[in-house]
2 protein chains.
Amino acid sequence: MHSSSPLEVIGSDKREQILQGAMQVFLSQGYASTSMDRVAAAAGVSKQTIYSYFQDKQGLFTALIERVTIDRMQHIFRAEELSDEPELLRYFAESFLQKMADPEFLSLLRIIISESARFPELASLYTRTVIQRGRSILTDYFQRHPELRIADPEATAQIFCGSLISFLIAQEILYGKEVAPLAGDRLVNALVTLFLDRTSPHPN
Amino acid sequence: MHSSSPLEVIGSDKREQILQGAMQVFLSQGYASTSMDRVAAAAGVSKQTIYSYFQDKQGLFTALIERVTIDRMQHIFRAEELSDEPELLRYFAESFLQKMADPEFLSLLRIIISESARFPELASLYTRTVIQRGRSILTDYFQRHPELRIADPEATAQIFCGSLISFLIAQEILYGKEVAPLAGDRLVNALVTLFLDRTSPHPN
DNA sequence: GTCTATAATCAGATAGAC
DNA sequence: GTCTATCTGATTATAGAC
């Protein structure tokens, strides 16, 4: 650990290469169905090279998922500072839905759920970063907007985020797109309406 | 098939026995990590007996999941006729949450998501029975209650069911119970409030 | 019909050449 | 440091005894 190129900070190149290959295979095949041979082939290195960078299959998988989880979390909530405009509820829903609809994020969500029993610490990490984060942003927003008359900001934030996530699971993972299609626009409209109509009672 | 214990009526006994064993192992270990040896041991039969009732591992898994899906669906929506009382929204949420919180249902949901790529037809069946069913019950309800001013009943029904399902995923599968606990009562209250407050504007 | 024993394949992990 | 070749054990599926 004393070899001293100035830019060594970025971590080893081969390690990155292995993680890239591992990502392709693990995210599409799942943990148990992924063989180290396929990871080696996808990464373009030999198996022994993988074992020199990672202790075993579990170690590789854990390192990979931890990294992808942190990456995705930062990407989704990057500078997502909710200002105080009322239309920001809609903006949050739209951008949340759009960002989480990318294949890599959906694969991550699927594998986190799949392996939640075998790797509870990964599921817990996911909950603490992605889910908790989204919930607390909205909780803060509801607390700063008493005119929305949200009695329980935390539970309501869970409802808001949860309806978006389960929409993605149903449509994109469980083939709802083909079986019972529902446009994302309609979901966002219905969701925002549910909240915004509370400020101005209907003219009746 | 001529051994004649009086209780032989229940359809092939061995087939049922195999499915029971398969359920234990598949639902807890997932598809790829389940070996036919363990299924045989759990069912108390030999491997060859399994192969005489089912074509192969995929065939056994498919038959099992199809049956469990239909079973659970009928159990959850049994006589769940939504009458027209307004408090039925709360009753629906409570009973939905309670029935879906049982371990067998959660394991089924988890494995359906896990294997959605390898067994798309199982995911599609799940969507058509469980998800579509819940959504359409609520869609009908919203359509029969125009005083709730639901512009898009279908999308709104998806939001209602979705927030319940994702709550279970977060709390029960992704260790939210330990990391960021949130009581079911609070979720149901917040959810119902969101809908019922729309009928009677606030006194302001 | 059901079991024991076995075939053929493939997995994760390691040893040793360069 | 990286690769080729290999070991050990487990897996799916089948053949043949009773």
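The structure displayed is predicted, hence computed values, not measured ones. All values below come from the heavy atoms of this structure, side chains included, with hydrogens, waters and symmetry mates left out. Residue numbers start from 1 in every chain, and the chains themselves are labelled A, B, ... in the order their sequence lines are given, proteins ahead of strands.
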Point to revise | Closest nucleotide among C/dT2, C/dA13, D/dT14 to the A/Tyr51 side chain | key: C/dA13

Check your understanding: So what does B/Asp37 hit on the nucleic acid, given a heavy-atom distance under 4.0 Å: a base, only sugar-phosphate, or nothing?
Key -> base

Review point. Under 4.0 angstrom, heavy atoms only, what part of the nucleic acid is A/Ser33 near: base, sugar-phosphate, or nothing?
Key: nothing

Exercise for review: Taking only the side-chain heavy atoms of B/Met36 (C-beta and beyond), determine which of C/dT2, D/dT12, D/dT2 contains the nearest atom.
Suggested key: D/dT12

Point to revise | Parallel, tilted or perpendicular: rings of A/Phe195 and A/Phe142 (30°, 60°) | key: parallel

Exercise for review: Report the relative orientation of the aromatic rings in B/Tyr31 and B/Phe26; use parallel for angles under 30°, tilted for 30 to 60°, perpendicular for over 60°.
Suggested key: parallel

Point to revise | Which nucleotide in D/dC3, D/dT12, C/dT2 has an atom nearest any side-chain atom of A/Thr49 | key: D/dC3

Check your understanding: Are B/Thr156 and A/Leu191 close enough that some pair of their side-chain heavy atoms sits under 4.5 Å apart?
Key -> no

Review point. Base, sugar-phosphate alone, or nothing: which one does B/Ser46 contact when heavy atoms must sit under 4.0 Å apart?
Key: base

Check your understanding: Charged N to carboxylate O below 4.0 Å: is that the case for A/Glu178 and B/Arg128?
Key -> no

Check your understanding: Picking from C/dG12, C/dT2, C/dG16, which would you name as closest to the side chain of A/Gln48?
Key -> C/dG16

Revision key, fill the gap. From the candidates D/dC3, C/dA11, C/dC3, the one with an atom nearest any side-chain atom of B/Val45 is C/dC3

